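Just the heavy atoms: all of them, side chains too, but no hydrogens, waters or symmetry mates, feed the values below. If you're wondering where the values come from, they're calculated on a predicted model, not measured in any experiment. Remember, it's 1-based here, ligands and their atoms both numbered in the order they're listed.
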Amino acid sequence: MNFHFTEEQQLLRDTVRSFVDKEIMPFIAEWDRQGKFDPELIPKLADLGLMGVCIPEKYGGSGMDYNSLAIVCEELERGDTAFRTAVSVHTGLNSMTLLQWGTEAQKQKYLVPQAKGEKIGAFGLTEPGAGSDVAAIQSTAVRDGDYYILNGQKTWISLCDSADHFLVFAYTDKSKKHHGISAFIVERTWDGFSSKAIKGKHGIRSGNTGELFFEDVKVPAENLLGEEGEGFKIAMSALDNGRFTVAAGAVGQIMACLEASVNYCHERETFGKPIGKHQLVQQMIANMEAGLQMSRLLVYRAGELKNEGKRNTRETSLAKWQACDFANKAADDAIQVHGAYGYSDEYPVERYLRNSKAPVIYEGTREIHTIMQAEYVLGYRQDKPLNKMLPAWENE
Ligand SMILES: Cc1cc2nc3c(=O)[nH]c(=O)nc-3n(C[C@H](O)[C@H](O)[C@H](O)COP(=O)(O)OP(=O)(O)OC[C@H]3O[C@@H](n4cnc5c(N)ncnc54)[C@H](O)[C@@H]3O)c2cc1C
């Protein structure tokens with residue numbers, strides 16, 4: 001395993017960091033307060049090539065490797081979870097899934113504009129009655145000549161109001177249980193489609209999350225992704241990529257917690273010395289540092305496997321679970337380091353704590369990943385190699 005960043009990766013980190021410092025940091029507290037998602041930022045991210053990091057250049061992307069995608073996610077989440085989430089769903093869950101499973105025509109029509117950031121992609125799996133238990137979805141797609149008629153409802157969908165294209169999962173044959181789920185590319189402008197944001201979220205308030213409604217939406221048959229019945233497999237392969245970006249983002253969240261806490265340790269004095277000199281405060285700082293380094297190693301190990309085109313569900317799940325838990329704990333400790341000031345939005349750490357909770361829930365809850373890891377170790381779960389685990393550049 002290579003533990004060194006290339007010059008290009010270092011440059012990428014510097015570029016994203018200065019973008020975040022200039023375009024996000026000065027405004028984020030107010031956006032968060034107002035619950036404002038700023039769509040203006042998407043073209044700016046696209047100009048930097050950040051909306052198609054792992055997508056080959058021939059499909060409009062930047063053709064970088066997975067650990068470069070991790071760097072982008074770390075640095076974006078250092079600014080705010082909302083922007084990393086946008087990259088996670090647009091690139092990790094949608095575009096990379098089109099790259100792996102799409103026909104050439106689907107790639108030209110949907111992937112190319114997405115990778116360039118001209119169109120935004122999202123991912124519609126969760127329903128009011130189905131989150132962890134994917135096979136419990138109720139949406140249906142019934143073949144009618146050259147179309148499928150899509151009916152159903154999705155909830156908690158990131159970028160619900162801003163995305164142009166959605167990957168939507170629905171039953172084409174309920175009798176086959178999860179082998180009867182299929183995946184479709186659905187456009188926002190089609191008749192029968194509508195969306196509605198969820199208000200009153202605990203965190204990621206400057207992100208857009210909400211419901212999708214499909215009422216007799218006519219989906220052209222050529223918008224079926226993969227084969228009928230491959231939807232569950234497609235969703236799981238998408239999650240392998242999405243979870244990687246969430247884990248990398250959690251690393252960025254820990255970096256932000258450390259940055260704020262270290263500054264405060266030097267600035268605040270009690271009992272005649274900076275609080276950083278108190279051993280119990282040092283313990284919290286040391287725990288954050290340990291969480292940062294361990295999470296990073298897990299993320300880059302998963303990234304290396306992905307670069308090699310190897311199955312990495314187990315390693316990605318471990319990275320996602322651990323990095324998100326470390327980030328949640330780091331944010332809690334960051335408030336503790338700040339005392340009462342950390343409890344107000346005068347400092348960013350209360351936002352970090354609110355933001356760090358959703359990643360422990362989405363793309364596999366803490367409990368689901370715990371069970372997965374135990375099952376791997378106990379020999380109850382084994383992964384077959386997927387036939388579409390190609391590294392990005394292999395498609396060039
Ligand atoms: C901010 C945000 C953004 C999101 N964005 C998207 C998106 O873009 N697209 C999308 O499709 N979804 C999205 N989601 C939804 C997310 O993926 C689901 O919330 C998640 O999969 C969990 O499902 P659930 O909320 O229905 O919880 P449930 O599955 O109902 O779980 C409830 C509780 O029971 C536990 N539990 C469930 N089953 C088991 C079990 N077998 N053993 C032990 N414990 C169990 C869970 O861990 C959890 O603690 C988003 C969610 C949030 C909060």
Side-chain angles (χ1 to χ4, degrees), residues 32 35 37 77 80-97 120-139 152-170 178 181 183-184 186 188 195-214 225 231-232 234-243 245-247 249-250 253 317 320-321 324-325 327-328 351 353-375 378 380-381:
D32 187 76
F37 176 75
E77 185 139 358
D80 194 79
T81 309
F83 306 102
R84 193 274 308 148
T85 301
V87 167
S88 288
V89 297
H90 169 83
T91 305
L93 291 174
N94 188 317
S95 297
M96 293 173 79
T97 311
I120 303 303
F123 185 80
L125 181 61
T126 305
E127 297 189 358
S132 309
D133 184 5
V134 171
I137 63 168
Q138 297 292 322
S139 295
Q153 182 184 345
K154 299 287 171 182
T155 193
W156 288 106
I157 306 307
S158 305
L159 303 177
C160 67
D161 294 324
S162 357
D164 304 283
H165 312 146
F166 298 85
L167 274 188
V168 178
F169 297 84
H178 62 276
I181 297 174
F184 298 91
V186 176
R188 162 178 299 284
S195 65
K196 185 167 167 252
I198 291 171
K199 302 281 178 210
K201 280 185 300 176
H202 175 64
I204 322 189
R205 292 187 181 161
S206 46
N208 166 236
T209 322
E211 295 169 289
L212 309 178
F213 304 92
F214 308 96
L225 188 66
F232 186 83
I234 292 173
M236 293 306 123
S237 78
L239 287 170
D240 275 346
N241 286 328
R243 287 169 179 170
T245 62
V246 175
Q253 184 73 94
S317 154
K320 193 273 179 189
W321 170 35
C324 293
D325 267 8
N328 192 221
R351 175 167 55 86
L353 182 62
R354 287 187 286 104
N355 282 353
S356 69
K357 188 60 198 174
V360 180
I361 296 170
Y362 59 46
E363 305 215 24
T365 63
R366 168 192 291 149
E367 292 70 33
I368 293 298
H369 288 293
T370 305
I371 290 166
M372 283 173 73
Q373 291 304 316
E375 287 181 351
L378 290 164
Y380 302 156
R381 176 187 283 263

Minimum-distance protein heavy atom relative to atom 15 (C) of ligand 1: Thr126 OG1, 3.2 Å
Would you say Thr365 and ligand 1 have an N/O pair spaced under 3.5 Å apart? yes
Who gets closest to atom 20 (C) of ligand 1 by heavy atom: Thr209, Thr155, Ile361? Ile361
Of all the atoms in ligand 1, which lie at a distance below 4.0 Å from a heavy atom belonging to Ile371? 40 (C), 42 (N), 43 (C)
To check your reading of the model: name the closest protein heavy atom to atom 39 (C) of ligand 1, its residue, and the distance in Å. Ile368 CD1, 4.0 Å
Around atom 8 (O) of ligand 1, find the nearest protein heavy atom and jot down its residue, atom name and distance. Ser158 N, 3.0 Å
To check your reading of the model: name the closest protein heavy atom to atom 2 (C) of ligand 1, its residue, and the distance in Å. Tyr362 CD2, 3.4 Å
Under 4.0 angstrom from atom 52 (C) of ligand 1, is there any protein heavy atom? yes
Nearest neighbour in protein (non-hydrogen) for atom 23 (O) of ligand 1: Gly131 CA, 3.2 Å
Give the residue and atom name of whichever protein heavy atom lies nearest to atom 44 (N) of ligand 1, and the separation in Å to one decimal. Glu367 CB, 3.7 Å
Please report which non-hydrogen protein atom sits nearest to atom 37 (C) of ligand 1, along with the residue it belongs to and the distance in Å to one decimal place. Ser132 OG, 3.8 Å
Side chains of Thr370 and Arg366 only: does a donor on one sit below 3.5 Å from an acceptor on the other? no
So the atoms of ligand 1 within less than 4.0 Å of a heavy atom of Leu125 turn out to be 11 (O)
Please confirm whether the ring centroid of Phe232 lies under 6.0 Å from the ring centroid of Phe169. no
To check your reading of the model: name the closest protein heavy atom to atom 4 (C) of ligand 1, its residue, and the distance in Å. Trp156 O, 3.0 Å
Does the N or O separation between Ile204 and ligand 1 drop below 3.5 Å for any pair? no
Tell me which one of Phe123, Phe169, Phe166 gets a heavy atom nearest to atom 9 (N) of ligand 1. Phe123
Any protein heavy atom under 4.0 Å from atom 32 (C) of ligand 1? no
Are there protein heavy-atom neighbours of atom 12 (N) of ligand 1 below 4.0 Å? yes
How about Tyr362 and Thr85: does a side-chain donor come under 3.5 Å of a side-chain acceptor? yes
Which of the atoms in ligand 1, numbered in the order shown and given with their element, are less than 4.0 Å from a heavy-atom of Ile157? 7 (C), 8 (O), 9 (N), 10 (C), 11 (O)
